[in-house]
Protein chains: 2
Amino acid sequence: MRVTQKDIARKLGLSPSLVSRALTGRAAAIGAHPETIERIRREARALGYAPNAAARRLRGAGPPLIAIVAADMEDPFFGPAIAEVVRQAHRAGYALTLAGFERRTPYASDVDALLQNDPEAVLAVGSGENAWVRPFVERGIPVVRIGVGSGAPATIDVRVDEEKGFALLIELLAGKGHRAFAFVGARNEVGESRLRVARRLLQKRGLDLPARRALLLDTDVLEAGLRGGEQLAREEGRDWPSAILCSSDAVALGVLRGVAMGGWRVPEHVSITGFDDLALARLANPPLTSVRQPLAAMVADALRLIHEGRGARAPAPRAPELVVRGSTDFPWKC
Amino acid sequence: MRVTQKDIARKLGLSPSLVSRALTGRAAAIGAHPETIERIRREARALGYAPNAAARRLRGAGPPLIAIVAADMEDPFFGPAIAEVVRQAHRAGYALTLAGFERRTPYASDVDALLQNDPEAVLAVGSGENAWVRPFVERGIPVVRIGVGSGAPATIDVRVDEEKGFALLIELLAGKGHRAFAFVGARNEVGESRLRVARRLLQKRGLDLPARRALLLDTDVLEAGLRGGEQLAREEGRDWPSAILCSSDAVALGVLRGVAMGGWRVPEHVSITGFDDLALARLANPPLTSVRQPLAAMVADALRLIHEGRGARAPAPRAPELVVRGSTDFPWKC
DNA sequence: GTGAAAGCGCTAACAC
DNA sequence: GTGTTAGCGCTTTCAC
């Protein structure tokens, strides 16, 4: 049997309420005997007492709960992102519960499990579709997303400034003389959003992104990069793209491999860029030029929004930082 | 306010107990009026009722809880591993709670949070040190680990057959004519365990693994590979190792980059192998020869052990499967 | 076939 | 300074 406050009270000949007060620090304020408090504390430690989280929550006490929704944990972005969420949430005194959705659009049972835990807020990590959000909104539970949400009802999104990010990348590449661009991503919210942004920025410079070079593939991110890279490298004619923008580092890793399979060398034949700047980007061959997502700041934003509660509005997108590595160079070096 | 069973009962002019029975399916067995049951169900749906998990747990009802402990979520192994755990646990009807430890040896507060949730079992994902396990063992809560645990008290470990894995890799390499081996890993349970295994197997073939080529670095896995690879590539003399065994794919990705920085080409100058066969292994440049960890089977083993409860004994290690890719070839091709 | 009542462990308002 | 009591939402005897 688990040790309860009642057990401690009985053993010490005191009342459960006093034990509760002593153990939650509310006793001194009330004016309890310091010595009694100490006795209680000691006994609790001796018996290995741990408060029952379910009872606390039922009572409305205890730390507020954040339900984390992770849409695609196979994506290398998620580990670091969730790690950061865990770190910060823990420091801020939140309890966490994890829901991994098997499919990108969750089953009802996934959502139910979350609802039953009556979270203070839901934190969706990564981009995705929003239909599942409705029951939470109806109950007044804020749903904050780190990433891009699509569809109704809207989530409160903490975003990186994709406009800024691609502007940096395109400036770098255009400055080196690149004129023929391609884009590869997975067909999901991130891919679609970033393709839109990249295309617009290219057009502003009078650079075209023809449909056959704007690839959104219906697979996971790693596979999308691989296939997209291969597909581009197979393209006939001599007007190959000299630079490939990718929707994320995970995609870019696949593209690096894909174009290598097609016989292209990076960056001699083609320059490739990522987005996010995962730890892995530095280890790619060649190391990946990318744009660093300020993850810690974004998680902090998200927790602040959750703290603010229902009326919170999405903050300004966070500016990313260009990280130039070996995967980009002048076009057609050889 | 949340909708409770009492609300439904009041609205329908029934008692809370009948509502409870109807909603948990225990009503028909007792012999309640089918029509009443249907009315209750309908009303619950109409009001958007969701049972309160805290109340259920307090009562001792509701699904059993597994606490997941993830030691190092930045390691690319964790995303896929946790994804698999979530999938299977969900199907088996377990609720999950996540504890991310900030440090590999957790703070007391991390452990406390877990204890307070009174889990049915703890599932440690990935290898690590065992000191934090004591409070659970004392309370009779089984701690199952997917990976290698070190120190007391022992966890129930679901392991891949490392002996078999390295035997396959070494056989492949030795068969190609490699005689000079090196090993790179991070200084943690996985690295140490796999180095031991690899060294023993090499010795059985009369192959030496000199200390200067058996590298365990005090950093995270990605960084360990990077530094280890660089260090090996800097080695003077002409008796360079022709093959580098890595403790995991994550390490091998770093080594690929590290040796490239030292000017070595893979596999022309040196062959490199991973361990785990992450999705990323296929995308490395060159693609990584590795050994596939049967993750799904191992997670299934872990859940079975949890189901069996206290007396469970560790199952036989699962045999991995060799996956040969481009990072291994004959020695000194050029 | 349905309801009343007790209790899971904890906390807080209200005694004394 | 400390104890008594009620109740969070749910399930389960036990009674009718």
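Note on naming: letters A, B, ... go to the chains in the order of the sequence lines (proteins, then strands), and numbering restarts at 1 for each one. Everything numeric in this text was worked out from a predicted model, so none of it was measured. Because only heavy atoms are used, hydrogens play no part in the values below, and waters and symmetry mates are left out as well, while side chains stay in.
- Atoms CG (Asn52(B)) and P (dG9(C)) sit 16 Å apart, rounded to a whole Å.
- Judged purely by atom type and a 3.5 angstrom limit, Asn130(A) has no side-chain atom pairing as donor or acceptor with the backbone of Ala152(A).
- The nucleotide whose nearest atom lies closest to any side-chain atom of Ala55(A) is, among dG9(C), dG9(D), dT4(D), dG9(C).
- Rounded to a whole Å, the CG atom of Leu58(A) is 18 Å from the P atom of dA6(D).
- Counting to the nearest Å, the P atom of dG1(C) and the CD atom of Glu38(B) are 18 Å from each other.
- Atom CZ of Arg57(B) and atom P of dC10(C) are 14 Å apart (whole Å).
- The distance from atom NZ of Lys6(A) to atom P of dT4(D) is 13 Å, rounded to the nearest whole Å.
- When all heavy atoms are compared, the tightest approach of Ser150(A) to Glu189(A) is OG-OE2, 2.9 Å.
- For the pair Asp7(B) CG and dC10(D) P, the computed distance is 9 Å after rounding to whole Å.
- Applying the salt bridge (charged side-chain N to carboxylate O under 4.0 Å, His left out) test between Asp118(A) and each of Arg57(B), Arg2(B), Arg56(B) identifies Arg2(B) as the sole match.
- In terms of heavy-atom proximity, Tyr49(A) sits nearest to Leu23(A) at CE2-CD2, 3.7 Å.
- Here the side chain of Ala32(A) is nearest to one of dT2(D), dG9(C), dC10(D), namely dT2(D).
- A donor-acceptor pair under 3.5 Å is formed between the side chain of Thr4(B) and the backbone N or O of Lys6(B).
- Taking for each of Ser15(B) and Gly60(B) the nucleotide of DNA chain C with the nearest heavy atom, the 5'-most of the two is the partner of Ser15(B).
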Please tabulate, one pair per line, each protein N/O and nucleotide N/O from nucleotides 11-14 of chain C that are separated by under 3.5 Å, including the distance.
residue: dT11(C); atom: OP1; partner: Arg56(A); partner atom: NE; Å: 2.7
residue: dT11(C); atom: OP1; partner: Arg56(A); partner atom: NH2; Å: 3.3
residue: dT11(C); atom: OP2; partner: Gln5(A); partner atom: NE2; Å: 2.8
residue: dT11(C); atom: OP2; partner: Ser20(A); partner atom: OG; Å: 2.9
residue: dT11(C); atom: O4'; partner: Arg59(A); partner atom: NH1; Å: 3.3
residue: dT11(C); atom: O2; partner: Arg59(A); partner atom: NH1; Å: 3.4
residue: dA12(C); atom: OP2; partner: Arg26(A); partner atom: NE; Å: 3.1

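- Counting to the nearest Å, the C1' atom of dC10(C) and the CG atom of Leu14(A) are 17 Å from each other.
- Smallest separation of non-hydrogen atoms from Asn117(B) and Ala53(A): ND2-CB, 3.8 Å.
- Of the N and O atoms on the side chains of Glu120(B) and Tyr94(B), not one donor lies less than 3.5 Å from an acceptor on the other residue.
- As a whole-Å value, the separation of Ile37(B) CD1 from dT2(C) P is 8 Å.
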